[in-house]
Amino acid sequence: MTNPDSDYYRAVDLWHEQRLSDLMAEDGWLHLTDRVELEPGQYTLGSGPGNDLQISSGPDHLGDLHLGADGQAMLTVDGQTLAFAPTPEAPPRLQVADLLLEMMRIEGQHALRVRDLRLPRKVKISRFPVDPAWCITARWDVLAAPQQLGIDLVGGIATSVAVSHRASFSHQGSAVTLLPTHWKGGNPMFVFRDATSGRQTYGASRFLIGQVQGDTVVLDFNRAFNPPCAFTEFAVCPLPPRENILSFAIPAGELRPGAVL
């Protein structure tokens, strides 16, 4: 007879294996080398000091970058003009000379993000032992009206998001509410901090993707993971709203990079 608990443990292990694979992929966060803010205009781009935009990797002169007022970006390399292509759930991107370039925009500010695909980056992330008790089925409540919520980002940028739902559950007899501030692949994402933050886990926050099932949402904290800014200074990550700063410890999911129990 199959042991349901063993199936659950194996599913969480497989999830973490895929998580590490995604993190170390070419478009993962471990290859990120630069984030350069810029305004619409024409720029020379490369690793040499004579360029308008100097980056850490690649040729001395990679090409001429054009950013339009509409946010459309193109790079001219050896007389050939290459366009940054739209990418699902990612900024427009272009791969050239072993570099993956992305043109992102946050609160009206454009930035060029660069990944060096040659970097042999690897990472080992420790995590708490899997505990099925931290896989919680919460109520998935629809708010009477969408709530506009201010969100601070790492690096001092401020933005806002529209929140339409909340997850509600009980912990040790007390009511707990978490707000989903982002959505990934059609699923709600929660940015939270708890009593392990800054100790065993990354201080700024951890992320958790919920799984909606009708009027409930599964919050599997065994799959809580570090934000990109835990691995690179060139990522811009959201910080948790005050509703998602929890006074109790959640000893489940990823530890901060380099931490061990």
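Since this is a predicted model, take the numbers as computed values, not measurements.
For Q109 (side chain) and L38 (main-chain N/O), a donor-acceptor pair under 3.5 Å exists by modelled atom type. Remark: side-chain polar atoms of H31 are paired, donor with acceptor, to backbone N or O of L119 under 3.5 angstrom. Not one N or O on the side chain of D98 forms a donor-acceptor pair closer than 3.5 Å with the backbone of L117. At distances below 3.5 Å, at least one donor-acceptor pair connects side-chain atoms of R115 with backbone N or O atoms of G28. No side-chain donor-acceptor contact under 3.5 Å links Q42 to the backbone of H66. In this structure, R193 contributes its side chain and A204 its backbone to a donor-acceptor pair below 3.5 Å.
Counting heavy-atom neighbours within 6.0 Å of R199 CZ, excluding the residue itself, gives a total of 12 or less. Residue R166 places its CZ atom among 12 or fewer non-hydrogen atoms of other residues, nucleotides or ligands, all under 6.0 Å distant.
Checking T201 against T196 by side-chain atom types alone, a donor-acceptor pair falls below 3.5 Å. Remark: the N51 side chain and the Y43 side chain contain no N/O donor-acceptor pair separated by less than 3.5 Å. A donor-acceptor pair shorter than 3.5 Å cannot be found between the side chains of E243 and T177. Using modelled atom types and a 3.5 Å distance limit, the side chains of T44 and D52 yield a donor-acceptor pair. Remark: the D131 side chain and the Y9 side chain contain no N/O donor-acceptor pair separated by less than 3.5 Å. Between the side chains of T76 and T81, a donor-acceptor pair is found at a separation under 3.5 Å. Looking at D34 and S56, their side chains do bring a donor and an acceptor atom within 3.5 Å of each other.
Contact of the F207 side chain with the M189 side chain is registered, since non-hydrogen atoms from C-beta on lie closer than 4.5 Å. Taking 4.5 Å as the limit, every side-chain heavy atom of T33 sits out of range of all side-chain heavy atoms of I55.
Here the shortest heavy-atom pairing between C229 and Y202 reads O-OH, 3.2 Å. The shortest heavy-atom contact between R10 and E17 is NH1-OE2, 3.7 Å. Smallest separation of non-hydrogen atoms from P40 and H110: CD-CD2, 4.1 Å. What you find for I250 and R206 is that their closest heavy atoms are O-NH2, 3.0 Å.
In this structure, F221 has its ring center closer than 6.0 angstrom to the ring center of F192.
Connection of W29 to F234 is established within a shared hydrophobic cluster, with ILVMFWY side chains joined at heavy-atom distances below 4.5 Å, either directly or through further cluster members.
Across R19, E254, R127, a single residue satisfies side chain to side chain donor-acceptor pair (under 3.5 Å) together with N226, and that is E254.
In this pair, H171 and F248 present their aromatic rings parallel. The plane angle is below 30°, not in the 30 to 60° band.
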